[in-house]
2 protein chains.
Amino acid sequence: MTRPVRPTAHPPRVATPETAGARRRKSVHTINDVAARAGVSIKTVSRVVNREPNVRDDTAQRVHRAIRDLKYRPNFSARNLASSRAYLVAVLYDNPSDSYIVRVLEGVQAACEAADYGVLLQPFDASSPRICDQVHDMLAQRRPSGLVLTPPLCDLEPLLATLDADGTQYVSIAPLHEDRGKPFVSVDDVRASCDLTEYLLGRGHRRIGFIKADPRHGAASRRLAGYLEAHRQHGLAVDERLIANGLLSFESGVECARRLLRQADRPTAIFASNDDMAAGVLHAAQELGLAVPADLSVAGYDDAPIARYVYPGLTTVRQPIRAMATGAVQCLLQSMRPQHGARGGDTVHRFDYEIIIRDSVASPR
Amino acid sequence: MTRPVRPTAHPPRVATPETAGARRRKSVHTINDVAARAGVSIKTVSRVVNREPNVRDDTAQRVHRAIRDLKYRPNFSARNLASSRAYLVAVLYDNPSDSYIVRVLEGVQAACEAADYGVLLQPFDASSPRICDQVHDMLAQRRPSGLVLTPPLCDLEPLLATLDADGTQYVSIAPLHEDRGKPFVSVDDVRASCDLTEYLLGRGHRRIGFIKADPRHGAASRRLAGYLEAHRQHGLAVDERLIANGLLSFESGVECARRLLRQADRPTAIFASNDDMAAGVLHAAQELGLAVPADLSVAGYDDAPIARYVYPGLTTVRQPIRAMATGAVQCLLQSMRPQHGARGGDTVHRFDYEIIIRDSVASPR
DNA sequence: GTAGAAAAAGACAACGCTGTCAACAAGCGT
DNA sequence: ACGCTTGTTGACAGCGTTGTCTTTTTCTAC
């Protein structure tokens, strides 16, 4: 008999299930322990854990009991390694603001927990020329199933191109060019900004200062567009000198506000592209002895916690960031296992914004 | 010949290195690709990657070249699985505040990147009765090499006991009972709080309100102790009615301040146990028409971003949170590979705090 | 030049899981 | 009773590393 005979006992993997079990009470168990306890093969345990079909009810019950008894949790790394799915979602960010990223993280974590996925938070420097390589390294090392991109990273064309070329799944929390065909979640920045500007116009303001966001953020131009659009709709010209270039930081808000407010014909209201800068405007107004909202109205964007904390509370645009992040992950997971919903699902998700009226806006005297 | 002969070609692992290579340019490579390109075994590549000894210089060079050419990065999951070290540090938190956790994360990430470790951010509900089980599950699933515990989780005695029993390595960012013998990083809360209180006393305040932190935080009692100590040193009695119970949130600061300021003999200064609550005090003062610092002085703790953003800027205590987090991780890594520094290294790291003087404190009229 | 030791390199199992495929059991039509 | 399909279970390779052990090469001392 020259045909290759299977080795009868598979010698290397002796593994001594009882020896190992007897050695010491392990605080953490593997699929083998569960299988042994339930009297089934590890594959069956795997089936139960992954809710695969074709397991008899009573078998599944036995397995579930064993899992509960042993407090078994499948090892994440082993799953990653063995399967093409990675059970891991990576959030890429370049710290727009503490509260923004924490909200995103909350939303992502909620969605991932429900789906038994892990979350990886990865900071990147959007202005680094090496960012594509850095992201590549991260992908090679961690092999996440998908990425959640936050601004300003999702506005980096070269990065998106790299990911597309790679075939890496991603969802952006911010609009993407529709023709890219990649999913994103967002609110309609232009309309929100337009609405808030209209609100200011409606209160009688005619000279409204605008503080732009960091131009690396795609939102910068969209929010400006909304501001301009509102003026256009009212048939009002916009004084160029009322538009300042901010960087999204509190400090840049202070500076821009000083510049705007020192002008001869100063604005009666200032609309900043985010709340940090709006807080800076408030700060500058106090310095200059201007009462808000009596002498100056101020509006922000984001409804960050700071919008409530400052005095007076900021009128601002609320984006449901947490919900958007959750939606982004669901979108991602759905596109990864098209089993359920048949086709890939909607690729664009618009969320509703909300104008939050607080006490920082009044009619000009 | 009946003695067991090694199979000549190890049939199952055919793997066809050239076939696979020719199939398509893979965007991501494994240790096998590197080994093939450098003309060495995978074990040698592993040695080079892990800086193990006994590799000839020219061999190492060849391997390094191959790694660079292929942009090879070792797969994280495979490493976890194969080795006892997990190359992973988990940060456990129960959101004390957005800025706090982001600062910690920055510090942890900086230290981990330097050591080629990954970071896992895990939220937990400190008041959940199931928290020990939840942490256990997380440990079983992810098997991190060590944990970084932030308040209030590090003040949870049962959790610490579980970890100790498990033999899980951890470092706390906050003082631990010294006799536990576990490492921690911290500032001297009591002294810092005492110093700031002294500063207020030095400015002439005699009725200083104090807003306590959430009692689940160990820092709550320490900061109160410092406040009391300063009074003791000045031979001053403390009016119980000047002490309010806050929850660390902005809203609780507003409420406590209202209560304190509506008293007949109201305080001339309020010291809140964190900046969020101090911002709440500012808010309440504005509501009540009290000018800060003319009518009321306010001090906070943490030097969170909000301390700069409010008007007037908050006088507060700065903890070097980022540096502490970095220190915590270094401490953890050191205790895990005692190779270098011989013994386990210092188990306690005190960091210096700093009193940041801004504009929210003045002498009472 | 050669034995012996040390250094360098390699072979291969193992980590804990999933995917593939084979084996077996049960149900069904004829 | 027979073969068929369908449902259920298990055996085992393989994922990309590291750890252990073996083999080969190089160096050292005579």
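Residue numbers start from 1 in every chain, and the chains themselves are labelled A, B, ... in the order their sequence lines are given, proteins ahead of strands.
Remark: B/Thr59 is in phosphate contact with C/dA9, judged by side-chain N or O atoms under 4.0 Å from OP1 or OP2. Contact annotation: A/Ser41 does not reach the phosphate of D/dT9 (side-chain N/O to OP1 or OP2, under 4.0 Å). Put simply, B/Thr30 has no side-chain N or O that comes within less than 4.0 Å of OP1 or OP2 on D/dG16. Remark: A/Asn32 is not in phosphate contact with C/dG16, judged by side-chain N or O atoms under 4.0 Å from OP1 or OP2.
By the 4.5 Å heavy-atom criterion applied to side chains, A/Asp125 and A/Ile131 are not counted as neighbours. B/Asn80 places none of its side-chain heavy atoms less than 4.5 Å from the side chain of B/Arg143. Residues A/Leu156 and A/Phe124 fail the side-chain proximity criterion, which asks for heavy atoms closer than 4.5 Å.
Side-chain atoms of A/Thr150 come within 3.5 Å of backbone atoms of A/Leu92 as a donor-acceptor pair (strictly under, hydrogens ignored). Between the side chain of A/Ser46 and the main chain of A/Ile42, no donor-acceptor pair closer than 3.5 Å is present. Looking at B/Gln109, its side chain does come within 3.5 Å of a backbone N or O of A/Leu121 through a donor-acceptor pair.
Atom CG in B/Asp58 sits roughly 13 Å away from atom C1' in C/dA7 (whole-Å rounding). For the pair B/Asp116 CG and D/dT18 C1', the interatomic distance rounds to 15 Å; values are reported in whole Å. Straight-line distance from the CZ atom of A/Arg51 to the P atom of C/dT18: 12 Å, rounded to whole Å. Rounded to an integer number of Å, the gap from B/Ile42 CD1 to C/dA11 C1' is 9 Å. Taking atom CZ of residue B/Arg142 and atom P of nucleotide C/dG16, one finds them 17 Å apart after rounding to whole Å. Straight-line distance from the CG atom of B/Asn54 to the C1' atom of C/dA7: 6 Å, rounded to whole Å.
B/Asn80 comes within contact range of no nucleotide atom at all, as no heavy-atom separation falls under 4.0 Å. Residue-level contact check: B/Asn75 touches the backbone only, with heavy atoms under 4.0 Å from sugar-phosphate atoms and none from bases. Counting non-hydrogen atoms under 4.0 angstrom, A/Phe76 reaches nothing in the nucleic acid. If you check every strand for non-hydrogen atoms under 4.0 Å, A/Val40 touches sugar and phosphate atoms only.
Aromatic ring pairs are classed by plane angle as parallel below 30°, tilted from 30° to 60° and perpendicular above 60°; the pair A/Tyr117 and A/Tyr87 is tilted.
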Which atoms of nucleotides 19-27 of chain C (N or O only) lie under 3.5 Å from a protein N or O atom, and what are those distances?
residue : atom : partner : partner atom : Å
C/dG19  : N7   : A/Lys43 : NZ           : 2.6

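Residue-to-nucleotide proximity on DNA chain C shows that, of B/Ala60 and A/Asn50, the 5′-proximal contact is made by B/Ala60. Residues B/Pro53 and A/Val45 both approach DNA chain C. Their nearest nucleotides, taken by heavy-atom distance, put B/Pro53 toward the 5′ side.
Relative to the side chain of B/Ile31, the nucleotides C/dG16, D/dT18, C/dG10 differ in distance, and D/dT18 lies closest. Comparing C/dC17, D/dT9, D/dT17 against the side chain of A/Arg79 picks out C/dC17 as the nearest.
Applying the salt bridge (charged side-chain N to carboxylate O under 4.0 Å, His left out) rule to pairs touching residues 34-50 of chain A yields A/Arg37-A/Asp69, sequence neighbours excluded.
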